[in-house]
Amino acid sequence: MEEKENCPKCYEIGEKVKNITVKHMVSENLRGKVVDEETYYLCMNEDCDVVYYNINNERVFYKEEVKVPIWFKKNANPKYICYCNQVTEQQIINAVLDDGAKNIKDIIRLTGAMKNGKCEINNPLGKCCSPLIQETINRALNSKE
């Protein structure tokens, strides 16, 4: 079962993230603050300024301390869905609405998403973006109806 811990600022439950992901996401000058033996979490609250945190040494990294905008956080710009290839939510929506994309295969062909993926170090969650791409496709398809 996935470990869950609450954000020290908003107290919402975060998603567990690998240390290697956190190390690649935080600003260069903060990399040394990422402790190898610690477990880190990503705060999933769109209104909270906290991005990563751990419990034991109480280290918190805020939005301005990471190198990329976090897609689900308020005012993220650009709002990347595929971080490896810098494909935004809007590009995926446009591919569905303007170019007739209906599935992930179409999105890959039309936008270049998911090519040469290094999700563990490029995506803030450290995971493949395909579920988020599918979610975005579904939202765009539903908006057409």
Side-chain angles (χ1 to χ4, degrees), residues 1-10 12-36 38-55 59-145:
M1 195 169 109
E2 193 83 357
E3 270 186 67
K4 305 243 183 223
E5 286 291 342
N6 297 63
C7 171
K9 185 173 180 193
C10 71
E12 291 205 14
I13 290 177
E15 287 288 322
K16 190 174 179 183
V17 180
K18 292 179 181 173
N19 292 31
I20 189 169
T21 304
V22 179
K23 270 192 179 151
H24 280 85
M25 287 291 130
V26 299
S27 304
E28 297 297 322
N29 60 327
L30 295 173
R31 260 194 183 168
K33 304 247 187 237
V34 180
V35 181
D36 285 336
E38 284 294 333
T39 301
Y40 287 87
Y41 299 87
L42 175 63
C43 178
M44 301 303 286
N45 178 350
E46 70 177 37
D47 295 316
C48 186
D49 287 342
V50 171
V51 177
Y52 297 111
Y53 60 93
N54 69 15
I55 303 309
R59 183 66 184 115
V60 175
F61 297 100
Y62 293 91
K63 286 197 296 194
E64 61 275 3
E65 296 177 317
V66 294
K67 295 190 274 189
V68 294
I70 308 302
W71 83 95
F72 62 87
K73 294 283 188 181
K74 197 165 266 164
N75 302 322
N77 187 18
K79 198 170 181 136
Y80 292 126
I81 298 294
C82 173
Y83 282 82
C84 294
N85 297 288
Q86 281 92 44
V87 177
T88 65
E89 179 181 59
Q90 195 57 54
Q91 287 172 294
I92 294 168
I93 291 168
N94 291 347
V96 172
L97 299 179
D98 303 338
D99 303 320
K102 291 181 180 12
N103 54 43
I104 289 180
K105 205 179 212 175
D106 292 341
I107 295 300
I108 292 169
R109 181 174 48 79
L110 292 164
T111 67
M114 295 178 60
K115 293 189 175 178
N116 312 315
K118 290 188 176 73
C119 307
E120 190 173 61
I121 61 172
N122 290 326
N123 185 320
L125 264 173
K127 299 177 183 173
C128 178
C129 62
S130 62
L132 292 171
I133 290 176
Q134 189 60 58
E135 227 174 81
T136 307
I137 293 168
N138 295 347
R139 265 199 330 272
L141 288 171
N142 290 337
S143 76
K144 282 172 71 169
E145 293 172 0

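Quick note: residue numbers are just sequence positions, from 1.
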Let's go through Met44 and Phe72 carefully: what are the C-alpha distance in whole Å and the side-chain angles of both, what is the deciding distance for side chain to side chain contact (heavy atoms under 4.5 Å, CB included) to 0.1 Å, and is it a yes or a no?
CA-CA 8 Å; Met44 301 303 286; Phe72 62 87; 3.8 Å; yes
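- Between the side chain of Thr88 and the main chain of Gln91, a donor-acceptor pair closer than 3.5 Å is present.
- Residues Lys67 and Glu28 are paired through a salt bridge, judged by an N-O separation under 4.0 Å between the basic side chain and the carboxylate.
- Taken to the nearest 0.5 Å, the SG atom of Cys119 stands 7.0 Å off from the CE atom of Met114.
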Give the table of side-chain donor-acceptor pairs shorter than 3.5 Å for residues 93-104, with sequence neighbours excluded, one pair per line with atom names and distance.
{"from": "Asn94", "atom 1": "OD1", "to": "Gln90", "atom 2": "NE2", "distance (Å)": "2.9"}
{"from": "Asn94", "atom 1": "ND2", "to": "Gln90", "atom 2": "O", "distance (Å)": "3.4"}
{"from": "Asn103", "atom 1": "OD1", "to": "Lys105", "atom 2": "N", "distance (Å)": "3.1"}
{"from": "Asn103", "atom 1": "OD1", "to": "Asp106", "atom 2": "N", "distance (Å)": "2.8"}

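- Using modelled atom types, no side-chain atom of Asn123 and backbone atom of Cys128 make a donor-acceptor pair closer than 3.5 Å.
- Annotation: side chain of Glu65 is not in contact with side chain of Tyr52 (no heavy-atom distance under 4.5 Å).
- Thr21 has its side chain out of reach of Tyr40: every pair of non-hydrogen atoms, C-beta onward, lies at least 4.5 Å apart.
- Here Tyr83 pairs with Tyr80 under the ring-ring contact (aromatic ring centres under 6.0 Å, His included) rule; sequence neighbours left out.
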Side chain to side chain contact (heavy atoms under 4.5 Å, CB included) between Met25 and Val68: does it pass, once the steps are laid out?
CA-CA 7 Å; Met25 287 291 130; Val68 294; 3.7 Å; yes
Could you walk me through whether Lys63 and Cys48 pass the side chain to side chain contact (heavy atoms under 4.5 Å, CB included) check?
CA-CA 9 Å; Lys63 286 197 296 194; Cys48 186; over 6 Å; no
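- When atom types are taken as modelled, the side chain of Asn85 and the backbone of Val87 share no donor-acceptor pair closer than 3.5 angstrom.
- Leu125 has its side chain within reach of Trp71: a pair of non-hydrogen atoms, C-beta onward, lies under 4.5 Å apart.
- Contact record, Leu42 with Tyr53: C-CE2, 4.2 Å, taken as the closest heavy-atom pair.
- For the atom pair Lys73 NZ and Cys43 SG, the distance stands at 4.0 Å (nearest 0.5 Å).
- At a threshold of 4.5 Å between non-hydrogen side-chain atoms, the residues Ile107 and Gln134 do not count as touching.
- The CZ atom of Arg59 lies 8.5 Å from the CG atom of Asn54; values are rounded to the nearest 0.5 Å.
- No donor-acceptor distance shorter than 3.5 angstrom exists from the side chain of Asn122 to the backbone of Gly117, with no hydrogens or angles considered.
- Scanning all heavy atoms of the two residues, the minimum distance from Pro8 to Val60 falls at CG-CG2, 3.7 Å.
- Once rounded to the nearest 0.5 Å, the distance linking NZ of Lys127 with CG of Leu132 reads 10.0 Å.
- Looking only at side-chain heavy atoms (C-beta outward), Lys115 and Ile108 come within less than 4.5 Å of each other.
- Remark: Ile92 CD1 to Thr111 OG1 distance equals 6.0 Å, nearest 0.5 Å.
- The CG atom of Asn75 sits 9.5 Å away from the CG atom of Asp47 when rounded to the nearest 0.5 Å.
- Under the 4.0 Å criterion applied to side-chain N and carboxylate O atoms, Lys18 and Glu120 are assigned as salt-bridge partners.
- Taking 4.5 Å as the limit, every side-chain heavy atom of Cys7 sits out of range of all side-chain heavy atoms of Asn45.
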Do Lys16 and Thr39 pass the side chain to side chain contact (heavy atoms under 4.5 Å, CB included) test, and can you show the C-alpha distance, the side-chain angles, and the key distance before you say yes or no?
CA-CA 7 Å; Lys16 190 174 179 183; Thr39 301; 3.5 Å; yes
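- Residue-environment remark: CG (Asn29) exceeds the threshold of 12 foreign heavy atoms within 6.0 Å.
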